[in-house]
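Presented below is the structure to which this report refers.
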Amino acid sequence: MHYHPENIESKWRKNWVDTQLYKVDNSSDKQKFYVLDMFPYPSGAGLHVGHPLGYIASDIFSRYKRLKGFNVLHPMGYDAFGLPAEQYAIQTGVHPAVSTDENIKRYREQLDNIGFCYDWSREVKTSAPSYYKWTQWIFLQLYSHYYDLTSDKAMPIDHLIAVFAQDGNKTIKAANSQESTFTASDWQGMSAKQKDDVLMNYRLAYRKTGYVNWCEALGTVLANDEVKDGFSERGGHPVEKKAMMQWSLRITAYAERLLNDLDTLEWSDALKAMQRNWIGRSEGAQMFFDIVGHDQKLEIFTTRPDTIFGATYMVLAPEHDIVPQITTNDQKEAVANYIDYVGSRSEVDRMAEVKEVTGVFTGAYAINPFNGKKIPIWLGEYVLKDYGTGAIMAVPSDDERDQVFAKKFGLEIIDVVDKSDYPGATLHDKLGKMVNSDFLNGIEVKDAIKAMLTKIETQGIGSRKVNYKLRDANYSRQRYWGEPFPIAYDSEGVAHALDVDKLPLELPELENFQPASGGKSPVARAEDWVNQFPGLALETDTMPGFAGSSWYFLRYMDAVNDQAFASKEAINYWQDVDLYVGGTEHAVGHLMYSRCWHKFLYDLGYVPTIEPFKKLINQGMITAYGYYVDFIYLEKNSPSLNEKATIYGNQIDIIKHNVTSCIKHGFPLPLELTGKIGINQYRLPYVNEYLDGNNKLTKDAFLKYYDEIGVNYNINNHLDNYIWVKDENGEEYFTVNIVQEKMSKSKYNVQNPDEVVAKYGADCFRMYEMFLGPIEQSKPWDTKGIDGVNRFLRKYWSLFFSENGWNVSQVQPTAEEYKILHTTIKKVTEDIERFSFNTCVSAFMMCVNELKRLECNKKEILSALNVLLAPFAPFITEELNMMLGNDTSVHKASYPIFEPSYLVQDTVDYPVCVNGKKRDIVALSSKLTPKEIQDIALTLDNVKKYVDGKDLQRVIVVPGKMINLVVKE
RNA sequence: GCCGAAGUGGUGGAAUUGGUAGACACGCUGGACUCAAAAUCCAGUGCUAGCAAUAGUGUGCGGGUUCGAGUCCCGCCUUCGGUACCA
């Protein structure tokens, strides 16, 4: 009887669907446990072997919890709105809904292949109108609430309107972007449009003109976390700052709670640190400076108010509102030129030249409130419009950037902190004694800050303030494939929320998905749709990718409800996610937005918990090996080809190299070379089969590689282009560099799980992925070790069979057999609990090796082991479970109970060390006293050798562990 | 620069609280079975010396604490991830 996974697996795959084995109820006597995977975006490339890593871990944990008697919610769905489907539609005309559904079908097949225990009756798809109805509904809630700082929660906007009518906006403490104050009568006198504008400054979902990340290539704006190093995260297109009217989410209102509640979560410190960093809380002072000849004051934010006597100039962001008013006639032209210059620079330019300081004097002066000194006001790129107040007091003595700026423009530098007592301290350490600072002289920095804050407040020139790096999230996208806003504008441009009974507001049908002109979404082309409500025009932007994913975990609780996003009963039963598994790439985006939405829904009383994800595990990435060779190219405009160069110690005759076919890619010049030629990294997909042990590729091997594989990947076969080196035998070769990199279609390194499953079975694939290493660690995919797991499964299978067939005996197991089983139960259980799945697999291997050695075929042992293994290898265990005579699924069995008495040992193997070095091992009764152990140890020949004739100073006996003898010459 | 994680055989990795470093696998070497191969099984395998017993040495580097350090402390180096004119 041989193990044939393909037959077993297809049989049970079907059976589990037919019997609805994994369907979960929203009520049970059992304790709930909610295990969630970050749902995938269904891309055209399908799943690669990296995706299932986290899914397998969470599946094992779900199955384990179920065996342990929990009612486990373990759902899956699709984050189905997004840019790739739309880009594909633009290129091919295939409707995003069609391509998305095709991709989903493919994903589903791949997922089913691996044998996950998802309750598919709860599947969600964010692009389904029945789903995004509730995304729109939550948006409307955000729109119709503001954040009240007194009660520290979201409150209905109607409440705010009532307060405005009574007191204006002076008394209300709310998160807002309203710059002016008004009285009750001001409010009553306002037009509908004016009132709308004011309310927008308070709503949690609001519309505002601001500088946004505009991506020309994608034709849309992007959120901060969708931009990496000045390029779009998806597609890698350049991004620039542009002023646009956009919807935003006032996530900053929740900054403090998002920060503080991190403490309640079981997340890795690394991830918490990333979130704290992103929120970027800093305490300091908001201060007002008078401006010479103007009524207006200049507002700045500083964390170091103590250094004000060293503030020798002010710097404003070039976009600062006050600039036109304070610029003097003399400086008008210079300022205008500078602003033009700044505007012409892309984000990428700015980032590339961080060290370059630019700026211009406005001609205006501020007054230092403490000594009345005139301080020149400058503009500088290094001050950002949307952090703090967009204005700083510059203290060049104690701030690196201010110093560079001051030196460049010849501005005064006054030392105000004496750090001589603290060598190596920087301004961030806030150490030193104040000097040149009037009443602060001689005071330690930390005390000076406190004293200054008090002074500022008592003198009424400022106040303590907390600032956050976190910005409000941009919520508009000029795209088709996203949730439409349930918002329409009247002829005056006043926004009106659609009635809830109009939801879902479905996307219009379109033929052409090209962005419309003027930075508008393609949706704007569907004029009938836009104007479907008389007198109103619908918003044509759509919501961003993170909208649907910010609350999907709640929808799984009650996925088909059409009366609410989920019923109260379901939410009260499931509460929150107990275990969330996913990649670090969502550390600040998705995880921040979800937490914010959850807190908002908590404020409104829709969810009972303050945080959505109690425990979070970040699975590492499965990377692939990439094979690169150094490839010579000629720098553009290089005058001479007839030169020799030294590369890696070898003389290279440049003229031989075929220059025309070389790639120019702006790489930094390597090693000894300058100016003329450079080295590029050139990919050789799947070349590994042709390498010798030292990663050498000989000329013969290269030609073979090229003929057999390389020709399919546009490999350059002009031999002269490669850097060939001669070995001692005169054979030419080059060394291939092997790197670990992300799997992607463009790198030709994608490993498809289906192929592995087809060859080895899903059980083997699952266990092998777990066996690769710790779940949180990134590691390269390599099928080298898969045979080990495959052998294990066959060996396991063979425990149940002899040559003649089924061979399980009812005989009572021996003590040794019980001990092996219970050691394994203990180890596996503890390791699952700490998410150490790789060591679980090795524990199973040891167990099976031992049982095989004893030729154990006792039913009692094998039955228990089979249940223990079921979460890891659900198919083989289900088959054997049936053959063991059970008529219910092994996945409904109960978890074997660990019995410590089986592990009690009569003897312990004691290592005997002399001065910490192991010299012997002795088996001793576990009942011996330390004194007896010591006496026996000293009689051992191997020990005597090292102890006799020396001074025995000390004996350490750690009961059950080891013995150490300390001797001196 | 700052924040975070990590460096262990030829390879993936184990060692959970300071207590036998290298579990479990892969690979490799030798052997059995076979006409042969695959599969399977057995033995060996950190490095150095030795036929061997054995000895020395060994967890990125340099110090320290300790009877005892991969694990704790101090100072470095390297790699990976995040982040950056954040006032």
Side-chain angles (χ1 to χ4, degrees), chain A residues 2 228-229 268-278 280-282 284 300-304 307 315 350-351 353-357 380-384 386-395 399-402 404-405 426-428 467-471 584-585 587-588 618 620-621 623 693 740 768 771-774 776-780 782-789 791-792 794-795 798 827 830-831 833-834 836 838-847 849 852 909-921 942 953-958 960-967:
Chain A
H2 292 288
K228 291 265 179 293
D229 301 327
S268 72
D269 289 340
L271 194 65
K272 286 185 185 182
M274 263 189 244
Q275 290 229 335
R276 285 196 190 101
N277 228 320
W278 191 258
R281 182 182 197 275
S282 63
I300 60 117
F301 172 76
T302 178
T303 54
R304 295 294 301 274
T307 59
V315 189
R350 285 180 71 155
M351 292 202 174
E353 295 163 29
V354 161
K355 295 285 166 274
E356 190 72 20
V357 205
E381 246 184 316
Y382 79 98
V383 174
L384 306 176
D386 44 5
Y387 180 75
T389 62
I392 61 162
M393 62 175 203
V395 184
D399 183 293
E400 208 180 313
R401 295 149 306 156
D402 294 348
V404 173
F405 192 89
T426 69
L427 78 157
H428 301 289
N467 229 310
Y468 301 95
K469 266 196 260 185
L470 184 71
R471 317 283 166 78
T584 8
E585 65 271 22
V588 288
N618 281 123
M621 217 178 352
T623 53
Q740 275 186 45
Y768 182 57
F771 191 55
L772 278 174
E776 304 202 61
Q777 193 172 301
S778 283
K779 52 229 152 195
D782 201 327
T783 48
K784 269 195 286 187
I786 201 166
D787 285 331
V789 175
R791 278 176 206 145
F792 158 76
R794 278 182 293 175
K795 205 169 194 177
S798 76
K827 174 75 178 154
E830 284 170 0
D831 285 0
E833 291 284 353
R834 66 188 180 102
S836 175
N838 55 329
T839 52
C840 289
V841 177
S842 79
F844 281 122
M845 287 174 170
M846 276 192 268
C847 176
N849 287 346
K852 190 73 192 173
D909 286 336
Y910 277 95
V912 185
C913 306
V914 180
N915 288 345
K917 285 207 173 77
K918 187 181 70 174
R919 297 301 178 185
D920 206 350
I921 292 180
N942 274 343
Q953 298 200 314
R954 213 170 141 184
V955 178
I956 289 135
V957 175
V958 184
K961 290 269 187 199
M962 51 86 68
I963 302 158
N964 193 16
L965 308 169
V966 186
V967 297

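Every heavy atom of this structure was used, including side-chain atoms; hydrogens, water molecules and symmetry mates were not. Residue numbers start from 1 in every chain, and the chains themselves are labelled A, B, ... in the order their sequence lines are given, proteins ahead of strands.
Straight-line distance between the P atoms of B/G75 and B/U11: roughly 31 Å, to the nearest whole Å. Across B/G81 and B/G13, the matching P atoms stand 16 Å from one another, rounded to whole Å. On the C1' atoms, B/C61 is 15 Å away from B/U79, given to the nearest whole Å. Taking the C1' atom of each, B/A5 and B/C86 are spaced 24 Å apart, rounded to whole Å. Separation of the C1' atoms belonging to B/A21 and B/G58 is 9 Å when rounded to the nearest angstrom. Comparing B/C47 with B/U40, their C1' atoms are spaced 32 Å from each other, to the whole Å. Taking the C1' atom of each, B/G18 and B/U71 are spaced 6 Å apart, rounded to whole Å. Nucleotides B/U54 and B/G44, compared at atom P, are 14 Å apart to the nearest Å.
The distance from atom CG of A/Asp782 to atom OH of A/Tyr768, rounded to the nearest 0.5 Å, is 5.5 Å. The CD1 atom of A/Ile300 sits 6.5 Å away from atom OG1 of A/Thr389, with the distance rounded to the nearest 0.5 Å. A distance of 9.0 Å separates CD1 of A/Ile956 from CG of A/Leu965, quoted to the nearest 0.5 Å. From A/Tyr382, atom OH reaches atom CG of A/Asp402 across 3.5 Å, with rounding to the nearest 0.5 Å. Atoms OG and CZ, from A/Ser842 and A/Phe792 in turn, are 10.0 Å apart once rounded to the nearest 0.5 Å. Atom CE of A/Met393 sits about 10.0 Å away from atom CG of A/Asp399, to the nearest 0.5 Å.
With rounding to whole Å, A/Leu384 atom CG is found 7 Å from B/C86 atom C1'. A/Lys779 has its NZ atom 14 Å from the P atom of B/A6, to the nearest Å. Distance CZ (A/Phe792) to P (B/C26): 13 Å, rounded to an integer number of Å. The CG-P distance, from A/Asp831 to B/A23, rounds to 17 Å in whole Å. Going from atom CG of A/Asp399 over to atom P of B/C86 covers 8 Å, rounded to whole Å. For the pair A/Asn964 CG and B/G68 C1', the interatomic distance rounds to 6 Å; values are reported in whole Å. Distance CE (A/Met846) to P (B/G13): 17 Å, rounded to an integer number of Å. At whole-Å resolution of the value, CD1 in A/Ile392 and C1' in B/C86 are 11 Å apart.
With sequence neighbours excluded, the residues forming a side-chain contact (heavy atoms from CB on, under 4.5 Å) with A/Asp831 are A/Lys827, A/Arg834, A/Ser836, A/Thr839, A/Cys840, listed by chain and number. For A/Lys272, the side-chain contact (heavy atoms from CB on, under 4.5 Å) partners at least two apart in sequence or on another chain are A/Leu262, A/Leu265, A/Trp267, A/Arg276. Applying the side-chain contact (heavy atoms from CB on, under 4.5 Å) rule to A/Asn618 yields the partners A/Ser268, A/Leu271, A/Thr584, A/Leu616, A/Glu776; only residues at least two apart in sequence or on another chain are considered.
The backbone N or O of A/Ala587 sits less than 3.5 Å from a side-chain atom of A/Gln275, completing a donor-acceptor pair.
With distances taken from any side-chain atom of A/Tyr382 to the nucleotides B/C85, B/G19, B/U11, the minimum falls on B/C85. Here B/C24 is the nucleotide among B/U16, B/C24, B/G13 with the atom lying nearest to any side-chain atom of A/Phe771. Checking B/G4, B/G19, B/A87 against the side-chain heavy atoms of A/Ile956 singles out B/G19 as nearest. With B/A14, B/C86, B/U11 as the candidates, the nucleotide lying closest to the side chain of A/Arg471 is B/C86. Ranking B/C24, B/A15, B/G19 by closeness to the A/Arg834 side chain, first place goes to B/A15. Comparing B/A87, B/G56, B/G19 by their nearest atom to the side chain of A/Thr303 picks out B/A87. You'll find that the side chain of A/Phe301 is closest to B/A87, out of B/A87, B/G19, B/U20. In this structure, of B/A87, B/C86, B/A55, it is B/A87 that holds the atom nearest to the side chain of A/Val383.
At a threshold of 4.0 angstrom between heavy atoms, the contacts of A/Pro780 with the nucleic acid are absent. Base contact: A/Lys827 has a heavy atom under 4.0 Å from a base atom.
The local environment of CD in A/Glu400 is sparse, with at most 12 non-hydrogen atoms from other residues, nucleotides or ligands closer than 6.0 Å.
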Using nucleotides 77-83 of chain B, report all nitrogen or oxygen pairs with the protein that are shorter than 3.5 Å.
none

Return the polar atom pairs (N/O with N/O) between nucleotides 39-42 of chain B and the protein under 3.5 Å, or none.
from  : atom 1 : to       : atom 2 : distance (Å)
B/U40 : OP1    : A/Arg794 : NH2    : 3.3

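Considering only side-chain N and O atoms, A/Asn849 lies under 4.0 angstrom from the phosphate OP1 or OP2 of B/A25. Dashed line: the shortest gap from a side-chain N or O of A/Arg954 to OP1 or OP2 of B/C67 is under 4.0 Å. Applying the 4.0 Å criterion to OP1 and OP2 of B/G12, one finds that A/Asn838 has every side-chain N and O outside that range. Residue A/Gln777 places at least one side-chain N or O closer than 4.0 Å to OP1 or OP2 of B/G13.
Along RNA chain B, the nucleotide nearest A/Cys913 and the nucleotide nearest A/Ala391 are compared for position; the residue whose nucleotide lies closer to the 5' end is A/Cys913. Comparing A/Tyr387 and A/Met845 by the nucleotide of RNA chain B that holds the closest heavy atom to each, the one mapping nearer the 5' end is A/Met845.
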After noting the C-alpha distance and the side-chain angles of A/Val357 and A/Glu381, does the key distance pass the side chain to side chain contact (heavy atoms under 4.5 Å, CB included) rule?
CA-CA 8 Å; A/Val357 205; A/Glu381 246 184 316; over 6 Å; no

Before giving the answer on side chain to side chain contact (heavy atoms under 4.5 Å, CB included), spell out for A/Val395 and A/Arg304 the whole-Å C-alpha distance, their side-chain angles and the decisive distance to 0.1 Å.
CA-CA 9 Å; A/Val395 184; A/Arg304 295 294 301 274; over 6 Å; no

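Because its glycosidic torsion is within 90° of 0, B/G9 is reported here as syn.
Remark: the A/Tyr387 side chain and the A/Asn467 side chain contain no N/O donor-acceptor pair separated by less than 3.5 Å.
Two residues are said to be in side-chain contact when any heavy atoms from C-beta on lie closer than 4.5 Å; A/Lys795 and A/Asn849 meet this criterion.
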Per-residue pairing states of RNA chain B in dot-bracket (Watson-Crick or G-U under 3.5 Å; . unpaired, | other strand) read (((((((..(((......[....)))((((((.......))))))((((....))))..(((((..]....))))))))))))....

